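Worth knowing before you read on, the calculation uses all heavy atoms, side chains too, and leaves out hydrogens, waters and symmetry mates. Every number for a ligand or one of its atoms is a count from 1 in the order of the listing. Since the model is a prediction, treat every value here as computed from it, not as a measurement.
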Amino acid sequence: MELWFTEYQNNKLAYGYKISKHLHSEQTKFQRLDVVDTEQFGRMLILDGIVMTTIEDEFVYHEMISHVPLITHPNPKKVAVIGGGDGGAIREIIKHPSIEEAHLIEIDGRVIENSKKYLPEIACALDDPKVTIFVEDGIEFIKKNKNTYDVIMVDSTDPIGPAVGLFKKEFYQSVYDALKEDGLFVAQTESPFLNKDIIKPTYQAISEVFPITRLYLATIPTYPGFLWSFSMGSKKYKPEDADLSRAEAIASDTKYYNPEIHRSAFALPNFVRDLIAQK
Ligand code: PUT
């Protein structure tokens, strides 16, 4: 008998993945967590029925949420990842020689533990000596830290349940306060095709807090609509002014990101331009 996992996007659209093995299932304090082996995309982490990451395409998301801000900032030393318990962003961050400290703030310790067990290719840097893990609510954590980080990445789940607060202006103000005077942040901000209702107010809220705001895109086949957005808020640095010789250096160790991708990711289709231009 064939086993399929169906991810429901809304009440009109679902994506199906043929599964060779269902490896793990548990109800954590926060969410249902599943690990499966899919035939098309390899091992997959699922939270509350939503695809979080897969072995075959995770590199796109993790490289783009990390290298774009870390190259935009000329000398990032201390960074924080809010969410991101699978460890993929951390793995990319520690590729940067300037990094001295990377903090991972994940609300659900079971995501970290299961990622280490089932997704070691992604979680492989979580025990690096530069990395400190805080199993805490990112919203509360970031409020306690002022003028601390060069770069913050918000690697959240979709804005459902506890993650809703990570898409609010109040949280972006806390992120602004937690950044140093020339700091910047990036958040994953969902699908331009399927989540217009999320991207528009989110981008607007970021632009009300940060003087420099940009949106960029990447193609992620296991995320809804396949085209995925990231939003950047920056106090001083602009991605278009980045020293791309540093991007070239990192690109010897990436599968998606390179200097041309850094530039072209900010080239937006008209419907996305219109989406973030509207008040
Ligand atoms: N970490 C990003 C998850 C998005 C799932 N749709």
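Between F41 and Y17, the ring planes lie perpendicular to each other; the angle is over 60°, past the 30° to 60° tilted range. Relative orientation of the Y15 and F226 rings is parallel, given thresholds of 30° and 60° on the angle between their planes.
For atom 1 (N) of ligand 1, the nearest protein heavy atom (residue, atom name, distance) is S156 O, 2.8 Å. Atom 6 (N) of ligand 1 has its closest protein heavy atom at D158 OD1, 2.9 Å.
Taking the six-membered ring for Trp, F210 and F185 have ring centres closer than 6.0 Å.
Note: no N/O pair closer than 3.5 Å links E190 and ligand 1 by distance alone. Annotation: Q188 places no N or O atom under 3.5 Å from an N or O atom of ligand 1; distance criterion only.
Taking a cut-off of under 4.0 Å to the non-hydrogen atoms of D155, the atoms of ligand 1 that pass are 1 (N). For ligand 1, the atoms closer than 4.0 angstrom to any heavy atom of Y61 are 1 (N), 2 (C).
For NZ of K29, the number of neighbouring non-hydrogen atoms (other residues, nucleotides, ligands) closer than 6.0 Å is 12 at most. Within 6.0 Å of the NZ atom in K78, the count of heavy atoms belonging to other residues, nucleotides or ligands exceeds 12.
Contacts between V51 and ligand 1, counted as non-hydrogen atom pairs separated by less than 4.0 Å, involve the backbone only.
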